[in-house]
Amino acid sequence: MKIIITQGEAVKKGIWNKVSKSFGVKEEDEVWENEQFILTEEQAREYGLIR
């Protein structure tokens, strides 16, 4: 299973730091609020999005 999350959703859920690190996004990189990131089921569990 794959989980899609936007940058804005990740910020609201407080997991943006983890998501950005997983995808190699740096502070100086431009990221849009509606930019999507595809997480594996394992990542989603690790970040507390699913059980």
Side-chain angles (χ1 to χ4, degrees):
M1 174 179 9
K2 303 291 183 186
I3 306 294
I4 298 173
I5 189 167
T6 66
Q7 189 270 349
E9 291 170 331
V11 168
K12 287 179 187 173
K13 293 184 182 292
I15 61 168
W16 174 241
N17 288 336
K18 294 177 183 179
V19 173
S20 63
K21 189 179 286 187
S22 293
F23 287 90
V25 178
K26 299 178 179 125
E27 277 190 47
E28 63 270 12
D29 293 340
E30 183 178 345
V31 181
W32 297 347
E33 188 176 334
N34 62 348
E35 191 165 339
Q36 296 179 341
F37 296 88
I38 300 173
L39 305 174
T40 64
E41 185 174 349
E42 182 179 315
Q43 287 171 314
R45 286 185 199 283
E46 181 181 323
Y47 303 156
L49 297 174
I50 60 174
R51 297 181 187 180

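Here CZ of Phe37 is found 11.5 Å from CD of Gln43. Values are rounded to the nearest 0.5 Å. In this structure, the separation between CD1 on Ile50 and CD1 on Ile3 is 4.5 Å, given to the nearest 0.5 Å. Leu39 CG to Leu49 CG: the interatomic distance, rounded to the nearest 0.5 Å, is 6.5 Å.
Here the closest heavy-atom approach between residue Glu46 and residue Lys18 is recorded as O-NZ, 4.5 Å.
The side chain to side chain donor-acceptor pair (under 3.5 Å) pairs that include a residue from residues 20-30 are Ser22-Tyr47, Glu30-Trp32, where partners are two or more places apart or lie in different chains.
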### Query
Could you walk me through whether Thr40 and Lys2 pass the side chain to side chain contact (heavy atoms under 4.5 Å, CB included) check?
CA-CA 5 Å; Thr40 64; Lys2 303 291 183 186; 4.0 Å; yes

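Grouped by direct or indirect side-chain proximity (heavy atoms under 4.5 Å, Ile/Leu/Val/Met/Phe/Trp/Tyr only), Ile4 sits with Ile38.
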Please list, one pair per line, the donor and acceptor atoms closer than 3.5 Å that link side chains of residues 8-17 to other protein atoms, with sequence neighbours excluded.
unit_1, atom_1, unit_2, atom_2, d
Glu9, OE1, Thr6, N, 2.9
Glu9, OE1, Thr6, OG1, 3.4

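In terms of the salt bridge (charged side-chain N to carboxylate O under 4.0 Å, His left out) criterion, residue partners of Glu41 (sequence neighbours excluded) are, by chain and number, Arg45.
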